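For reference, the structure is listed below as structure tokens.
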Amino acid sequence: MVHANRTVGADLGAVGGSGTGARGMLARHALLPLRLFLGVTFVYAGVDKLTDSGFLAARGPGSLGALLAQVHDTAALPLLVDLAQKSPVGFGYAIAIGELAVGVGTLVGLLGRLAACGGALISLTLWLTVSWSTVPYYYGNDLAYLMAWIPLVLAGTPRFSLDAALRNRRHRHGAQLFG
């Protein structure tokens, strides 16, 4: 009889992140280390590509063009490699700017789910092309990055983010208008 009076999710409050104790606080902040790691890593990757003239070349040692030629026959989707080979410099800039945008969006928490989807898409693309032939599969990092983005795709950036600040502002102004 006692259990019938409880709210369905009441016992899960601390585990789900709405509790007030240490467990609740840790649960509310559980995604921050992942968000910081992925954000910093993608910003670094984007800046590194943009400042490496050798990478942003159609040919030559260390160039994206040379890498694309090397992975073409072992890629899961060689069609993607063919598409990138049409303009390796343009594709290199697109990847670098995409990584930079995803990293900054993740770090500041602006459009967090969209940034995480972009990061997952970049990681999926790199896994299906560049690191697909890595044996055993767990030596390649692109699949691990893809899996790391999924919690942020699902949860977004609910804490310490511009998304949260904007949401709080909407709630405050909405309460004034309709409260």
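For this chain, numbers begin at 1 and follow the sequence in order. From a predicted model like this one, the values you see are computed outputs, not experimental measurements.
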May I ask you to decide if [Y]'s main-chain N or O and [X]'s side chain share a donor-acceptor pair within less than 3.5 Å?
X      : Y      : value
Ser131 : Thr134 : no
Arg113 : Val153 : yes
His72  : Leu68  : no
Ser63  : Gly60  : yes

List the atom of [X], the atom of [Y], and the distance in Å for their closest heavy-atom pair.
X      : Y      : answer
Ile122 : Gly98  : CD1-C, 3.8 Å
Leu166 : Leu110 : CD1-CD1, 4.3 Å
Ala115 : Gly105 : CB-C, 4.0 Å
Pro158 : Ala155 : CD-O, 3.6 Å
Thr129 : Ala75  : O-CB, 3.6 Å

Would you say the side chains of Thr157 and Asp163 form a donor-acceptor pair under 3.5 Å?
yes
Roughly how far, to the nearest 0.5 Å, is [atom2] of [Y] from [atom1] of [X]?
X      : Y      : atom1 : atom2 : result
Asn141 : Leu126 : CG    : CG    : 8.5 Å
Thr41  : Asp48  : OG1   : CG    : 12.0 Å
Arg35  : Trp149 : CZ    : CH2   : 10.5 Å
Leu50  : Leu100 : CG    : CG    : 6.5 Å
Ser161 : Leu107 : OG    : CG    : 12.0 Å
Phe55  : Leu67  : CZ    : CG    : 7.0 Å

Please determine whether residues [X] and [Y] belong to a single hydrophobic cluster, defined as Ile, Leu, Val, Met, Phe, Trp and Tyr linked transitively by side-chain heavy-atom distances below 4.5 Å.
X      : Y      : value
Leu32  : Val40  : no
Tyr138 : Met147 : yes
Leu114 : Ile150 : no
Leu80  : Leu121 : no
Val81  : Trp132 : no

Does the pair Phe42 and Ser123 meet the rule for a side-chain contact (heavy atoms from CB on, under 4.5 Å), with working shown?
CA-CA 10 Å; Phe42 269 59; Ser123 297; 3.7 Å; yes
Look at the rings of Phe37 and Tyr145 and say which category their plane angle falls in: under 30° parallel, 30 to 60° tilted, over 60° perpendicular.
parallel
Below 4.5 Å, heavy atoms only, C-beta onward: do [X] and [Y] meet side chain to side chain?
X     : Y      : result
Leu31 : Pro151 : yes
Leu64 : Phe91  : yes
Asp52 : Leu56  : no
His29 : Phe160 : yes

